Amino acid sequence: MSTDTQRRSPVIIITGTPGTGKSTHAQLLAEESPIPLRHINVGEVVKEKSLHEGFDSEWQSYTVDEDKLLDELEPLASEGGVILDWHTCEVFPERWADLVVVLRCDHTQLWERLEKRAYPLKKIQENNQAEIMQVVLDEARSSYPAEIIVELKSESMEDLESNVARIIQWIQAWKANHES
Ligand SMILES: Nc1ncnc2c1ncn2[C@@H]1O[C@H](COP(=O)(O)OP(=O)(O)O)[C@@H](O)[C@H]1O
């Protein structure tokens with residue numbers, strides 16, 4: 001649990017290999033949450049606010065300037081009421097996180113999702129391999145206490161709905177704990 005007792009709303013990190021469904025989950029959660037939560041697509045923020053050192057055309061991705069990114073996000077995280085949606089999570093300080101959701105997907109299904117994005121083959125291969133090797137889950141486990149991490153399957157619409165319902169239950173419990 002975060003040490004920041006001042007927050008009135010939680011910070012929820014939704015992470016996972018690209019294509020596992022982070023943005024889809026974050027959008028639905030922001031719509032259905034009983035308390036206002038702002039969905040922050042961290043990759044979009046990096047692009048829009050130029051929090052990077054340039055675009056790596058080989059990997060088709062930005063080289064993130066982590067210091068700039070943390071400075072940008074710090075006030076939002078301190079305030080709370082945000083969903084941080086990013087394919088990596090270890091950069092976010094432990095004190096920010098109230099809940100860390102790691103989405104998982106069968107690698108063959110993930111491959112198909114990434115092919116639809118027209119990623120270069122080696123980027124698809126790298127992400128597919130990372131999913132098989134549970135890289136993001138291990139990263140979350142080495143960055144946050146076990147009790148705030150939840151690993152959820154994201155392979156169907158039923159998974160999406162039940163995952164969001166489960167996170168909403170967690171939000172209600174968080175709220176009840178922070179009102180007393
Ligand atoms: N639980 C799910 N079941 C089926 N398809 C999903 C699920 N979650 C996401 N998708 C689909 O997979 C693709 C990637 O989802 P997206 O949310 O953009 O992933 P991410 O934000 O992790 O890169 C989208 O086409 C989305 O509709």
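Both counts, for ligands and for their atoms, begin at 1 and track the order of listing. Throughout, residue positions are numbered sequentially from 1 according to the sequence presented. Just so it is clear, the model here is predicted, and its values are computed rather than measured.
Of the polar atoms of His25, none of the N or O atoms is found under 3.5 Å from an N or O of ligand 1, judged by distance alone. Backbone and side-chain nitrogen or oxygen atoms of Ser23 are examined, and one is located within less than 3.5 angstrom of a nitrogen or oxygen of ligand 1. Residue Gly21 places at least one N or O, backbone or side chain, under 3.5 Å from an N or O of ligand 1. Taking only nitrogen or oxygen atoms, main chain and side chain alike, Asp159 does not reach within less than 3.5 Å of ligand 1.
Nearest approach of Gln60 to Pro120, heavy atoms of both residues: CG-CG, 3.6 Å.
At a distance under 4.0 Å, no protein heavy atom can be found next to atom 25 (O) of ligand 1. Within 4.0 Å of atom 2 (C) of ligand 1, at least one protein heavy atom is present.
Close approach to Glu155 involves these atoms of ligand 1, each under 4.0 Å from a residue heavy atom: 1 (N), 3 (N).
Shortest contact from atom 15 (O) of ligand 1 to any protein heavy atom: Thr24 OG1, 3.6 Å. For atom 8 (N) of ligand 1, the nearest non-hydrogen atom of the protein is Ser154 OG, 3.4 Å. At the shortest separation from atom 4 (C) of ligand 1 among protein heavy atoms lies Arg113 NH2, 3.5 Å.
For residues 103-158, there are no ring-ring contact (aromatic ring centres under 6.0 Å, His included) pairs, not counting sequence neighbours. Counting only residues at least two apart or in different chains, salt bridge (charged side-chain N to carboxylate O under 4.0 Å, His left out) contacts with residues 122-132 comprise Glu58-Lys122, Arg104-Glu131.
Heavy atoms from both the backbone and the side chain of Lys22 come within less than 4.0 Å of ligand 1. Counting heavy atoms under 4.0 Å from ligand 1, residue Arg117 touches it through the side chain alone. Both the backbone and the side chain of Met157 come within 4.0 Å of ligand 1, counting heavy atoms alone. Heavy atoms of Ser156 found under 4.0 angstrom from ligand 1 belong exclusively to the backbone.
When each of Lys22, His39, Gln27 is checked for a side chain to side chain donor-acceptor pair (under 3.5 Å) with Asp85, only His39 meets the rule.
With salt bridges taken as basic N to acidic carboxylate O contacts below 4.0 Å, none links Arg7 and Glu79. For Arg8 and Glu179, the salt-bridge test fails: no basic side-chain N is under 4.0 Å from an acidic carboxylate O.
With a 6.0 Å radius and a threshold of 12 heavy atoms from other residues, nucleotides or ligands, Arg38 has its CZ atom at or below the threshold.
Relative orientation of the Trp174 and His178 rings is parallel, given thresholds of 30° and 60° on the angle between their planes.
Residues Leu76 and Val11 form no side-chain contact, since every pair of their non-hydrogen atoms from C-beta on lies 4.5 Å or further apart.
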